[in-house]
Asks: 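The structure under discussion is supplied below as structure tokens; questions concerning it will follow.
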Amino acid sequence: MAVGRQRRLGSAAAWVGPARRHGPRSSPRTAWFQASERQSASMTKLVAFDFDGTLSDSEMTVLLGDRKGVADQMQDITERAMNDELSYAESLRSRADLLDGLPDEDAEAAYGEVRLRPGAADVIRRLRDDGHYVAILTGGFERGVQRALEREGVAVDEIVSNRLPVSGGRLTGEVDGPLIEGTKDEQLERLADEQGVPLSRTVAVGDGANDLPMLEVAGLAVGYEPKPAVEPACDVVVDSMAALATLFEEDGLLTAETEPET
């Protein structure tokens, strides 16, 4: 893949056009394209996924909001945050506050409704089978991520997420965790350092404004149906997990699957 080009893979897979960027971007990204041409496809890499809106089309805070009767307010706050109209920390605290007093059994039921997108479990499983370190970096909530992975019988190497504290069997209306004020680029850099993977060999997949920091520092930035404010930071845009798997096969992250002989 050449620098300065943005691919769209999915329903419009044949389209290849110029990236909508303001000026050239230098970066670890240039090194990704150069390294991909000269290094072994089997080299271990770090792949970091957003969760809500990317691996999952469930919106955890909205599912929780349904249980409290505040889903519409949740959705409005979420959309404004994803379009970079208000800070992510402010939006997350506002959504958590709306959940104050929700019984924990209702919260657990909402977490149980979280689902992975069709094909997401297969992409995760194949990446790990091919030796890559797979992480989920999400401002969403740990229990919802865990329930969705458990349902599909798949695991990742690390989940970095936030939590909704419980006291007396009810949500407190507060939120804690590393991705409230902290950003996903910091977590991606930490993981890369711990795993001995240069940033130029990292991949970030996301859709919303809070994914921008990791998309901007990753070696390969993949937008999954990204918001308009996010798309210019992406090297590649996909609209399905099948398209994402195809991209990863083309770029050497996944071993191409072969049709069984008949």
Side-chain angles (χ1 to χ4, degrees), residues 28 45-56 58-64 74 77-78 80-82 84 86-100 102 104 107-108 110-111 114 116 120 124 127-128 132-150 154-167 171-199 202-219 221-222 224 227 230 233:
K45 303 172 187 73
L46 166 61
V47 184
F49 290 95
D50 169 51
F51 190 76
D52 289 348
T54 301
L55 285 177
S56 172
S58 304
E59 189 63 56
M60 258 184 271
T61 53
V62 174
L63 292 173
L64 288 160
M74 288 283 193
I77 294 169
T78 298
R80 291 174 62 202
M82 291 298 98
D84 210 16
L86 74 166
S87 79
Y88 187 75
E90 180 183 3
S91 74
L92 191 57
R93 290 191 176 104
S94 295
R95 286 177 282 173
D97 185 61
L98 289 172
L99 297 172
D100 186 12
L102 180 69
D104 190 45
E108 186 60 37
Y111 293 136
V114 179
L116 295 182
I124 292 170
L127 284 168
R128 298 190 74 218
H132 305 304
Y133 193 90
V134 178
I136 293 174
L137 309 183
T138 177
F141 309 117
E142 186 175 42
R143 283 198 283 169
V145 176
Q146 290 173 334
R147 298 299 174 272
L149 294 173
E150 289 165 0
V154 69
V156 297
D157 294 288
E158 188 162 344
I159 299 170
V160 181
S161 60
N162 295 322
R163 295 167 295 279
L164 294 173
V166 177
S167 178
L171 301 191
T172 65
E174 299 176 345
V175 59
D176 60 38
L179 288 173
I180 302 172
E181 298 290 349
T183 55
K184 294 186 181 183
D185 59 322
E186 297 169 344
Q187 293 297 323
L188 184 64
E189 289 165 353
R190 174 186 64 80
L191 290 170
D193 182 63
E194 290 176 357
Q195 297 305 312
V197 177
L199 276 176
T202 63
V203 182
V205 187
D207 73 307
N210 68 321
D211 298 318
L212 274 171
M214 73 171 179
L215 291 169
E216 289 171 346
V217 302
V222 183
Y224 193 101
K227 302 296 187 292
V230 176

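Here the structure is a predicted model, which is why all the values come from computation and not from measurement.
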Asks: Is a salt bridge present between E174 and R93, judged by a nitrogen-to-oxygen distance below 4.0 Å?
Replies: no

Asks: Within this structure, what is the CG-CZ distance for the pair L64 and R143, rounded to the nearest 0.5 Å?
Replies: 8.5 Å

Asks: With distance as the sole test, does K184 use its side chain to make a donor-acceptor pair with the main-chain N or O of L137 at under 3.5 Å?
Replies: yes

Asks: Should D97 and V175 be marked as a side chain to side chain contact (heavy atoms under 4.5 Å, CB included) after you check the CA-CA gap, both sets of side-chain angles, and the distance that decides it?
Replies: CA-CA 8 Å; D97 185 61; V175 59; over 6 Å; no

Asks: Could you report the tightest heavy-atom contact between L215 and A204, atom names first, then the distance?
Replies: CD2-O, 3.6 Å

Asks: Taking side chain as C-beta onward, heavy atoms only, is K45 less than 4.5 Å from Y133?
Replies: no

Asks: How would you list, by chain and number, every residue that makes a salt bridge (Lys or Arg N to Asp or Glu O under 4.0 Å) with E186, sequence neighbours excluded?
Replies: none

Asks: I'd like to know if the side chain of D157 and the backbone of V134 have a donor-acceptor N/O pair within less than 3.5 Å.
Replies: yes

Asks: Side chain to side chain contact (heavy atoms under 4.5 Å, CB included) for D50 and V205? Distances and angles first, verdict last.
Replies: CA-CA 6 Å; D50 169 51; V205 187; over 6 Å; no

Asks: Is there a donor-acceptor pair closer than 3.5 Å between any side-chain N or O of N162 and the backbone N or O of G139?
Replies: yes

Asks: Is T61 close to F141 at the side-chain level, that is, under 4.5 Å between some pair of heavy atoms?
Replies: yes

Asks: Contact between S58 and D52 at the side-chain level, heavy atoms closer than 4.5 Å - yes or no?
Replies: no

Asks: Drop me the distance from R190's CZ to D185's CG, to the nearest 0.5 angstrom.
Replies: 12.5 Å

Asks: Testing the basics here: between G206 and T54, what is the closest heavy-atom pair and its distance to 0.1 Å?
Replies: CA-OG1, 3.5 Å

Asks: What is the minimum heavy-atom distance between A221 and A233, and which atoms define it?
Replies: CB-O, 3.5 Å

Asks: For T202 and G219, indicate whether the former's side chain and the latter's backbone hold a donor-acceptor pair under 3.5 Å.
Replies: yes

Asks: Any chance you could lay out the side chain to side chain contact (heavy atoms under 4.5 Å, CB included) test for V114 and R147, step after step, and finish with the verdict?
Replies: CA-CA 7 Å; V114 179; R147 298 299 174 272; 5.7 Å; no

Asks: Are E142 and Q146 side-chain neighbours, meaning at least one heavy-atom pair lies under 4.5 Å?
Replies: yes

Asks: Are any side-chain N or O atoms of S94 and backbone N or O atoms of E90, one a donor and one an acceptor, separated by less than 3.5 Å?
Replies: yes

Asks: Is the side chain of D211 donor-acceptor paired with the backbone N or O of G208 at a distance under 3.5 Å, no angle test?
Replies: yes

Asks: Backbone N or O of L46 within a donor-acceptor pair of the H132 side chain at under 3.5 Å?
Replies: no

Asks: Apply the side-chain contact (heavy atoms from CB on, under 4.5 Å) test between Y88 and each candidate in L179, T183, I180, N210; give the one that qualifies.
Replies: N210

Asks: Counting N and O atoms only, with roles assigned by atom type, does the side chain of R128 sit under 3.5 Å from a partner on the main chain of A155, one being a donor and the other an acceptor?
Replies: yes

Asks: Side-chain contact test, heavy atoms from C-beta onward, threshold under 4.5 Å: evaluate it for F49 versus T138 and give yes or no.
Replies: no

Asks: Run D104 and L171 through side chain to side chain contact (heavy atoms under 4.5 Å, CB included) and show every step you take.
Replies: CA-CA 6 Å; D104 190 45; L171 301 191; 4.2 Å; yes

Asks: Between L164 and L102, is any pair of side-chain heavy atoms under 4.5 Å apart?
Replies: no

Asks: With a 4.5 Å heavy-atom cut-off, do Q187 and M214 have their side chains touching?
Replies: no

Asks: Does F51 reach the side chain of L116, with side-chain heavy atoms less than 4.5 Å apart?
Replies: yes

